Amino acid sequence: MEKRWTQDNLTSLQSNILAEEQNHPGATGELSWILSAISLATKAIGNKVRCARIQDVLGEVGSTNFQGEIQQKLDVIANEIILRCLGDRENIGILASEENETPFLLRSREEGGKYAVLFDPLDGSSNLDSSVGVGTIFSVLRLGDEGSREEAMLRPGAEQVAAGYVLYGSSTVLVLTTGNGVDMFVLDQSIGSFVLVSKKLQIPENNKTYSINEAYTTRFGDDVQQFLGWAHQNNYSSRYIGSMVADVHRILLKGGVFLYPPTIDKPKGKLRLMYEANPMAMIIEQAGGRAVSSCKRILDIEPAGLHQRVSVVLGSSDQVEAVLAHFS
Ligand code: AFP
């Protein structure tokens, strides 16, 4: 009998991953092993986020990370949770975090380290004090055989084997792609499982909404200023949370376009290619949208460094087109 997915079925993240694997005859189950560790880590982080005020772990650590950014206490906690949950998975060769200057080289290829997992442990953490949605973003790359392991990790986003994020919002939502569409799961706190709620998400078109930090308008280039001027004349609406996971999640479900362009003080943009732009670009494209940086497909960018920053325009194809129409 043909198996059909309906809203009435109760499918956990775990069983959905196993079912996906059956569609790939050569699959070894190793990727599932990694995704289950990510799911465990994000449940633990979500729990910390929800109890942060009670447990008095809100606020800044009092120091900056190696990129000179103010670290929140929860940035450090989330980072440690991910390292603890993923560190003992035998097929992970490298773990790289936005919070650490150098990646953790865990296992050589000979020792079974086939994958690199890159993550932003707590994106949007400067919003934590006001209980705004924050998230964890992750990207999984298969490590090539050539060059050093660090070099093997510097691959374009098109080579990601999985990407996703978890949004700690009014519900805890996990969005995942393994290159075969985008599925969405919600954490059912009562059973401790991420449960499938939507399969093969597609970004809706015709939503004239942009998401940008408009306070920087005079620091953007002429192209972005022209787009904003045009949008003001053309019945656009605006939504900006300032937490990429939450802004992108809204666009995934409702459509529109997210922009973090270069500014005078951040000429290369703010967002990180390997930890933020690539995984989000894979999700957006798998849901039928587009993701570009300086008019170039983000997933085709050859990374020059692990912490490289890029400008980002992503969203439904029609709305990204509307932005690019103002770019020379
Ligand atoms: P924080 O993690 O420091 O809060 O930064 C969040 C972020 O990296 C991304 O999630 C947002 O889209 C972007 O920065 C917001 O930046 P602005 O505050 O400059 O708009």
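Fair warning: this is a prediction, and the values are worked out from it, not measured in the lab. Both ligands and their constituent atoms are indexed starting at 1 by order of listing.
- By the 30° and 60° cut-offs, the orientation of the rings of Phe227 relative to Tyr236 is perpendicular.
- Side-chain contact, Ser131 with Arg53: no donor N or O sits under 3.5 Å from an acceptor N or O.
- In this structure, Glu159 pairs ionically with Arg155, as a charged nitrogen and a carboxylate oxygen lie closer than 4.0 Å.
- Contacts between Ser243 and ligand 1, counted as non-hydrogen atom pairs separated by less than 4.0 Å, involve the backbone only.
- When hydrogens are left out, the protein atom nearest atom 2 (O) of ligand 1 is Gly124 N, 2.9 Å; that is the closest non-hydrogen contact.
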Subject >> Trace of the side-chain contact (heavy atoms from CB on, under 4.5 Å) decision for Phe138 with Leu35 >> reply: CA-CA 10 Å; Phe138 58 90; Leu35 295 173; 4.1 Å; yes
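- Taking any N or O of Tyr216, backbone or side chain, at least one lies under 3.5 Å from an N or O belonging to ligand 1.
- Below 3.5 Å of separation, one finds an N or O of Tyr260 facing an N or O of ligand 1.
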**OP:** Could you give me the CA-CA distance, side-chain angles and deciding distance for Arg89 and Glu30, then say whether salt bridge (charged side-chain N to carboxylate O under 4.0 Å, His left out) is met?
**Re:** CA-CA 9 Å; Arg89 298 288 151 130; Glu30 290 175 302; over 6 Å; no
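- The protein heavy atom nearest to atom 4 (O) of ligand 1 is Ser126 OG, 2.6 Å.
- When only non-hydrogen protein atoms are considered, atom 16 (O) of ligand 1 lies nearest to Lys270 NZ, 3.0 Å.
- Heavy-atom contacts from other residues, nucleotides or ligands closer than 6.0 Å to CZ of Arg84 number 12 or fewer.
- Ion pairing between a basic and an acidic side chain is recognised when a charged N comes within 4.0 Å of a carboxylate O; Glu60 and Lys73 show no such pairing.
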**OP:** Go through the steps for Asp247 and Arg250 under the test salt bridge (charged side-chain N to carboxylate O under 4.0 Å, His left out), then give the verdict.
**Re:** CA-CA 5 Å; Asp247 281 313; Arg250 191 192 53 253; 3.1 Å; yes
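- Of the N or O atoms in Asn213, one or more lie within a sub-3.5 Å distance of an N or O in ligand 1.
- Below 4.0 Å from some heavy atom of Gly242 lie the following atoms of ligand 1, by number and element: 6 (C), 11 (C), 15 (C).
- The nearest protein atom to atom 20 (O) of ligand 1, hydrogens excluded, is given as Tyr240 OH, 2.5 Å; this is a heavy-atom distance.
- When all heavy atoms of Asn16 and Lys199 are compared, the closest pair comes out as OD1-NZ, 3.2 Å.
- Residue-to-ligand polar distances keep Leu271 apart from ligand 1: every N/O pair is separated by 3.5 Å or more.
- The shortest contact between atom 10 (O) of ligand 1 and any protein heavy atom is with Met244 N, 2.7 Å.
- Atoms of ligand 1 lying under 4.0 Å from any heavy atom of Ser125, numbered from 1 in the order shown and given with element: 1 (P), 2 (O), 4 (O).
- Using 4.0 Å as the threshold, Glu276 has a heavy atom nearer than that to some atom of ligand 1.
- At under 3.5 Å, not a single nitrogen or oxygen of Arg272, backbone or side chain, sits near a nitrogen or oxygen of ligand 1.
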